[in-house]
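One structure is given here, and the rest of the page talks about it.
Throughout, a chain's letter reflects where its sequence line sits, starting with A, and its residues are numbered from 1. Everything quoted here is computed from the prediction, not taken from an experiment.
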Amino acid sequence: MPLQLHNTLTQKVEPFQPLADNTVKMYTCGPTVYDYAHIGNFRTFVFYDLLRRWLRASGFALNHVMNITDVDDKIIRNAVAQGRSLRDYTDNFTKAFLDDCGTLRLERPEHIARATDHINEMAEAIAKLEAGGYTYRSDDSVYFRISQFPGYGKLSHNDFSGMVAGARVDVDEYEKSDARDFALWKAPKDKDEPAWDTCIGTGRPGWHIECSVMAYQFLGATLDLHAGGVDLIFPHHENEIAQSEALTGQPFARFWVHSEFLLVEGQKMSKSLGNFYTLRDLFSRGFTPESVRFLLASVPYRKGLNFTFEGLHSAKTAIDRLRNFKLRLETAKLAEGENSEVQTAAEAAHTGFRAAMDDDLNTAEALGAVFEFLRAANVALDGGTFLDGNRARALELMVLFDSVFEILKPSETADGISADDVEAQIAARAAAKKARDFARADQIRNELLEKGVILEDTKDGVRWKRK
RNA sequence: GGCGCGGUAGCCAAGUGGUAAGGCAAGGGUCUGCAAAACCCUUAUUCGUCGGUUCGAUCCCGACCCGCGCCUCCA
C-alpha cells in the first residue's frame, strides 16, 4: 500500500504521489516571527518534519519551501514600540525559531523564504491581479474581490454564494466593499509605518499574498502538497487559492494537509491561563528536546493533541526504554544462529511500522508495532532464544523507527565525562569487585553517577549510559 | 447558526461489523555482594447517551449530550 494522506480539498484519505518526476513540490506555512514560537506551533512544525521524513522514506525527493512571515501588524506594532527596525526585531525571533527547530531535530526545508525578501515580486503579482480585474483600491490599499473568483470556498467547504455586500459588520479597519474581501496590499496608515515603494505604490503586502507569490517563485504554478495548521484553512489557504489560481489559471495545490490543534492539560493554551509554553519554558523545567519531540510526534497529526506534563514524563520513560533496547541489541552476547520466530516478529514489526505510516502518518500505530516487537525481543533475549542472526534485522527496525522519530540519540550535554574515561572507571570497578573491595566499587559507581553516567550490571557484563 | 475534528481503562492513545494495539502510571516478580538500572507479568465483559439496522456494533444509520477548532489575527 503506497502512502496515503488526508486531503482537505476532497475530505478523503487518498494515495499521494507527485505530479511530475519523483520530486514533491511542497509548501508549508511557517511562523510569524513576532515572538518565540510555542508548543502549539511546534506541534505543526513537528508534523511537517514527520511528513518530510516519511515522504523521503517513501522514495520521493523533496523540494520544500517554508515561509517566514516577517511583516505584519503585530510585528510592526512591537517593533515600533521597542524603537527597533523591522529587520532587527524579526531577525531575533527568526534566529530563535530556527534554533528551536534545530533543537527539536526538525529537518531544514530546502528553502526558507522571508516575506520581506520578496516584496517586489508580490507587488508585481498584485499588479497582474489588478490588470486581470480581480481587485479594487480603497485609500491606496488593494483588495481582492472574492466575488470574481468562482471557486472561493472549495477548500473550507463553505458556501459563500449567499453573501451580500454589507450584510455583515465590517470589523476591519479598512474600507472593503465585501466583508470577506481581503487585503493584498496595505497602504501605510501613518508615517512611521514600514513601507516599500513598488510598482503599485507605497505600502506593504497583506499576509496571504506572500505565500502565493513565494510558492510560485520557488515551485511554479502547481504544488504537489501544501500543509499548515487547521486554523489556516480559512481564510488563509482559501485566499491563497483564490490569488494563485487567479494569477496562473492553474490548480494551486493538489494536496492540502492540515494538522489539528494542541491543548494543554485539556484546555486551550493561552497566556491568561498560564499554560502558554515555549520550548525554552519546557527545557528550563528539565524536560529534554527528545521528550517534547516524542510527545508531539506520537499522536497522529489529525487528532487533537492533549499536551500534559504527565505525557512529557511518559515520553521520557518510553524513550529510555527504546534506548535501552537498542543498547541491549548492540551489546548483548548472543549465540550463533537465527531464530525464525524472532525473525518473523521483526519482519512483522517492519511491515506494521511502514503500513501505519503509510496510512496517513499513523504514528501511534507505528509506535505500537515497535513496542510490540521490543517486548517480544526482550523476552527472547532473557530466554536466550534471541540469536546473533536476529540482531541485524532488529537493529534495522530501530533505524527505521528513528528515521522518523529521531529521539534515540541523547542531546549533547555541555559537560560530560568522555567515553574512554568511563570505560577506564568501569575497569577499575571490576577489579575492585574481583578483589571484593565493594566499598571502592560502590564509590566508583557513585562517582560516575554524579557525572551523569548510569552503570548497569548485566549478565553480559557492565553496560553504561548517560542519564 | 454554518463548516470541521473528537468523546475508548487513573492518564495518553490505536483500532475493527465477530468480540478491545501500544505507551505511562500502579501492583507483583526476575536479576544482583548490596543497590541501581534493566527486563518480565498483571490491570477495560467494555469503547459519551438513547434508539435503529444486523445472527452479531465500540466500529454502520439516526437523535441527543459534552469538549475543541474555524467562520476576525492565529499552528
In this structure, how many angstroms lie between the [atom2] atom of [N] and the [atom1] atom of [X], rounded?
X        : N     : atom1 : atom2 : value
A/Asn306 : B/G23 : CG    : C1'   : 15 Å
A/Ile319 : B/G23 : CD1   : P     : 15 Å
A/Arg180 : B/C71 : CZ    : P     : 10 Å

Heavy-atom closest contact (A/Ile407 atom, A/Arg323 atom, distance)
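Here A/Ile407 and A/Arg323 meet closest at O-NH2, 2.8 Å.
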Between A/Pro31 and A/Asn67, the two heavy atoms sitting closest are CD-O, 3.7 Å
Please figure out whether A/His157 or A/His208 has its closest RNA chain B nucleotide nearer the 5' end.
A/His157
Given that A/His313 and A/Glu365 both sit by RNA chain B, which one's nearest nucleotide is further toward the 5' end?
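Looking at RNA chain B, the more 5' nearest nucleotide goes with A/Glu365.
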Under 3.5 Å for both donor-acceptor distances, Watson-Crick or wobble: does [N] have a partner, and if so which one?
N     : value
B/U54 : none
B/G33 : none
B/U46 : none
B/G1  : B/C71
B/C24 : B/G10

Under 5.5 Å and under 30°: A/Phe261 stacked on B/A75
yes
B/G33 base stacked by A/Phe438 (centroids within less than 5.5 Å, tilt under 30°)
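According to the criterion (under 5.5 Å, under 30°), yes, A/Phe438 stacks.
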Under-4.0 Å side-chain N/O to phosphate OP1/OP2 contact, A/Asn362 with B/A14:
no
Residue-phosphate contact under 4.0 Å: A/Lys303 side-chain N/O, B/C12 OP1/OP2
no
Ignoring hydrogens and angles, answer whether the base of B/G33 and the side-chain atoms of A/Asp442 contain a donor-acceptor pair closer than 3.5 Å.
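When only heavy-atom distances are counted, A/Asp442 does reach the base of B/G33 through a donor-acceptor pair under 3.5 Å.
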For the residue pair A/Tyr48 and A/Phe45, does the interplanar ring angle fall in the parallel (under 30°), tilted (30 to 60°) or perpendicular (over 60°) class?
perpendicular
Can you tell me how the ring of A/Trp256 sits relative to the ring of A/Phe252, calling it parallel under 30°, perpendicular over 60° and tilted otherwise?
tilted
Run the ring-centre check on [X] versus [Y] and record whether the distance is less than 6.0 Å.
X        : Y        : answer
A/His237 : A/His208 : no
A/Phe93  : A/Tyr89  : yes
A/His226 : A/Phe255 : no
A/Tyr27  : A/His64  : no
A/Tyr277 : A/Phe309 : yes

Among the nucleotides [options], which one has an atom lying closest to any side-chain atom of [X]?
X        : options             : value
A/Ser314 : B/C24, B/A75, B/A14 : B/C24
A/Leu262 : B/A13, B/A75, B/C68 : B/A75
A/Ala441 : B/A25, B/G33, B/A75 : B/G33
A/Val299 : B/C73, B/A13, B/A75 : B/A13
A/Thr32  : B/C71, B/A75, B/G10 : B/A75

Going by number, which of residues 104-116 of chain A have a non-hydrogen atom under 4.0 Å from RNA chain B?
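Per residue number, the list is empty: none.
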Contact residues, residues 235-242 of chain A to RNA chain B [heavy atom, < 4.0 Å]
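Under 4.0 Å from RNA chain B: no residue of residues 235-242 of chain A.
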Within the 4.0 Å limit for protein heavy atoms, which parts of nucleotides 35-42 of chain B are touched? Write it as a string from 5' to 3', B for base, S for sugar-phosphate only, - for none.
BBSSSSS-
Residues A/Lys95 and A/Asp99 bridged, charged N to O under 4.0 Å:
yes
N-O pairing of A/Arg302 and A/Glu260 below 4.0 Å:
no
Flag the pair A/Val33 / A/Arg114 as yes when at least one side-chain heavy-atom distance between them is below 4.5 Å, and no otherwise.
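Side-chain contact under 4.5 Å: no.
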Measuring only between side-chain heavy atoms, which start at C-beta, is A/Gln267 closer than 4.5 Å to A/Asn275?
yes
Determine whether the side chains of A/Asn306 and A/Thr308 contain a donor N or O and an acceptor N or O closer than 3.5 Å.
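Absent: no donor and acceptor within the cut-off.
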Mind checking if [X] touches a base, just sugar-phosphate, or nothing, with heavy atoms under 4.0 Å?
X        : value
A/Leu232 : sugar-phosphate
A/His258 : nothing
A/Pro31  : nothing
A/Ala364 : base
A/Gly304 : sugar-phosphate
A/Thr317 : sugar-phosphate
A/Glu372 : sugar-phosphate

